[in-house]
Amino acid sequence: MKIINKANPNPVNDADRAAKLAEGGFGKYYTDNMIVAEWSEKSGWGNINLVPYGPLSLDPATAVLHYGQEIFEGLKAYAQPDGSVSLFRPEANAARFNRSAERLALPTIPTEDFVSAVKELVTQDRKWVPQKVGESLYIRPFLIATEVGLGVRPTNKAKYILIATPAGAYFDPSKAVTVWISTEYVRAAPGGTGEAKCGGNYAASLVAQKAAAAEGCDQVVWLDAVERKWVEEMGGMNLYFVKGNKVVTPKLTGTLLPGITRDSILTVARDLGYETEEVMLSVDDWKTGIESGEIKETFACGTAAVVSPIGAAKSKWGTWVTGDGNPGPITMKIRETLLGIQHGQIVDKNSWVKVVK
């Protein structure tokens, strides 16, 4: 796939961009440019086009609007001490993007082209990368079915789009969140799209998120669809539990999203000297673990939030508070270490960090 650069001739001026970066937040402002590439069943992928950020034009009968055939990813670019900008494990995002594409009957994109497109946008819009540790440029690749016509079938045309937004902290890391354990709804069932990063999974989660908010909670925790007792994940994030010197997370069963941050934390925790384990953990295990003191810390993780401490869980079985309800020391050590690697302040032993420029 050839890269064609038709960058925005009128980018945001330095003063306005600086003001927007200073506001922080997540998903409020977008960079000057975006990437667009077209695919057709007949001719395959066309060029990777860097063009000014702007609206899309879609026919009312475009397939994605009716059948939800779409996927997306999330990764970040980080400022480095030497003034360069780096990506964190972009090849892993490319691999997951393609697994999602296969599950949704969409075309895959070669890993080298996925990464090249990300690098092209970040290089062009590098002035939008925040400089503070804990802040980053959040990059959102997505792929939509663009065949025009009604009829339930895999699309014969698709469009890949890549946008980016400066991102501050998704949650305040100094404060632990409260979660609601949903028993009325499920996120994904065996054989479904739980492992794919597709919009339908998130759309179906919003009613439970609304219920969580009504209970005074920040996020919803999902249980398995069959027995309704096994802890799976939290909203758009994976979960972790600290038991003494052991850091554990629900094992991947085909219904959980295989988070790249989740996978990175397993390695980071081991590097810090903690044991790690992927387990089947029930709600009762969680509750009794808190009550006995076996579970000393709980946290969630994901690209947007990095690591988010969990202070309390509410459910129909009652409320239980982890420790004193504040972020735990192991949680914060893992968070600080992961951010240190991403920002080039801690040696990257695993070759995760890829310099853009």
For salt bridge (charged side-chain N to carboxylate O under 4.0 Å, His left out), just list the numbers for K287 and D284, CA-CA rounded to whole Å, side-chain angles, deciding distance to a tenth of an Å, and then say yes or no.
-> CA-CA 5 Å; K287 183 175 184 292; D284 190 55; over 6 Å; no
Is there a side-chain contact between V283 and L223, using heavy atoms and a 4.5 Å cut-off?
-> yes
Between the side chains of S264 and T267, does any donor sit under 3.5 Å from an acceptor?
-> no
Which other residues belong to the hydrophobic cluster containing L252, where Ile, Leu, Val, Met, Phe, Trp and Tyr are joined when side-chain heavy atoms lie under 4.5 Å apart, directly or via other members?
-> L256
Please confirm whether the backbone N or O of K2 pairs with a side-chain atom of D113, one donor and one acceptor, at under 3.5 Å?
-> no
Hey, are the side chains of L75 and P141 touching, using non-hydrogen atoms and a 4.5 Å cut-off?
-> yes
Check T298 against I295 and note the closest heavy-atom contact, atom names and distance.
-> OG1-CG2, 3.9 Å
Sequence neighbours excluded, which residues qualify as side-chain contact (heavy atoms from CB on, under 4.5 Å) partners of D82?
-> Q80, S84
Among the clusters formed by ILVMFWY side chains lying less than 4.5 Å apart, do V129 and L87 turn up in the same one?
-> yes
Within residues 334-357 or reaching into it, pairs that qualify as ring-ring contact (aromatic ring centres under 6.0 Å, His included) - sequence neighbours excluded | Y78-H343, F88-W352
Would you say P250 and F241 make side-chain contact, with heavy atoms under 4.5 Å?
-> yes
So, K354 side chain and S351 main chain: donor-acceptor pair closer than 3.5 Å or not?
-> yes
Does P11 have any side-chain contact (heavy atoms from CB on, under 4.5 Å) partners at least two apart in sequence or in another chain, and if so, which?
-> D32
No-hydrogen, no-angle side-chain donor-acceptor test under 3.5 Å, S282 and D285 = yes
Within residues 119-150 or reaching into it, pairs that qualify as ring-ring contact (aromatic ring centres under 6.0 Å, His included) - sequence neighbours excluded | F26-Y138
Output yes when a side-chain donor or acceptor of E277 lies under 3.5 Å from a complementary backbone atom of V247, and no otherwise.
-> no
Quick check: does any side chain N or O of N201 sit under 3.5 Å from a backbone N or O of T193, one acting as donor and the other as acceptor?
-> yes
Check: E112 main-chain N/O paired with S116 side-chain donor or acceptor under 3.5 Å = yes
Report all side-chain donor-acceptor pairs from residues 143-153 shorter than 3.5 Å, counting only partners two or more places apart or in another chain.
from : atom 1 : to   : atom 2 : distance (Å)
T146 : OG1    : K157 : O      : 3.4
T146 : OG1    : A158 : N      : 3.2
E147 : OE1    : N156 : N      : 3.1
E147 : OE2    : R153 : NE     : 3.4
E147 : OE2    : R153 : NH2    : 2.9
E147 : OE2    : N156 : ND2    : 3.4

Does anything in residues 91-123 pair up under ring-ring contact (aromatic ring centres under 6.0 Å, His included), and if so which pairs, sequence neighbours excluded?
-> F97-F114, F97-Y160
Any chance you could measure I3, atom CD1, to N49, atom CG, to the nearest 0.5 Å?
-> 10.0 Å
Any V12 side-chain heavy atom under 4.5 Å of Y30 side chain | no
Below 4.5 Å, heavy atoms only, C-beta onward: do I139 and I163 meet side chain to side chain?
-> no
Can you tell me if R140 uses its side chain to pair, donor with acceptor, with the backbone of L162 under 3.5 Å?
-> no
Any chain of hydrophobic side-chain contacts (each under 4.5 Å) joining I48 to L50?
-> yes
Sort and list the pairs that fulfil ring-ring contact (aromatic ring centres under 6.0 Å, His included) and have at least one residue in residues 194-222, not counting sequence neighbours.
-> F72-Y202
Inter-residue atom distance K246.NZ - E275.CD, 0.5 Å rounding | 5.0 Å
List the atom of A77, the atom of V122, and the distance in Å for their closest heavy-atom pair.
-> CB-CG1, 4.0 Å
Separation between OG (S308) and CE (M234), nearest 0.5 Å, reads 5.5 Å
So, does N8 use its side chain to make a donor-acceptor pair with the main chain of N33 at under 3.5 Å?
-> no
Cluster partners of M280, using ILVMFWY side-chain heavy atoms under 4.5 angstrom, listed by chain and number?
-> W230
N/O donor-acceptor pair under 3.5 Å between D263 side chain and P258 backbone = no
Less than 4.5 Å apart, any side-chain heavy atom of V207 and any of Y185?
-> yes
Donor on one side chain, acceptor on other, T331 and E297, under 3.5 Å | yes
Side chains of D271 and K349: closer than 4.5 Å at any heavy-atom pair?
-> yes
Separation of E38 CD from N47 CG (nearest 0.5 Å) = 11.0 Å
E215: what forms a salt bridge (Lys or Arg N to Asp or Glu O under 4.0 Å) with it, not counting sequence neighbours?
-> none
Answer yes or no: is there a side-chain heavy-atom contact under 4.5 Å between I341 and V268?
-> yes
Rounded distance [0.5 Å steps], CD in E120 versus CD1 in I35 = 6.0 Å
Please check if the side chain of Q209 supplies one atom and the backbone of D218 the other of a donor-acceptor pair under 3.5 Å.
-> yes
If only atom types and distance count, is the side chain of N13 paired as donor or acceptor with the main-chain N or O of A15 below 3.5 Å?
-> yes
With sequence neighbours excluded, give me every salt bridge (Lys or Arg N to Asp or Glu O under 4.0 Å) pair touching residues 181-209.
-> R187-E233
d(E70 CD, L104 CG) to nearest 0.5 Å is 7.0 Å
Pairs flagged by side-chain hydrogen bond (donor to acceptor under 3.5 Å, both in side chains) wherever residues 96-109 is involved - sequence neighbours left out | E73-R96
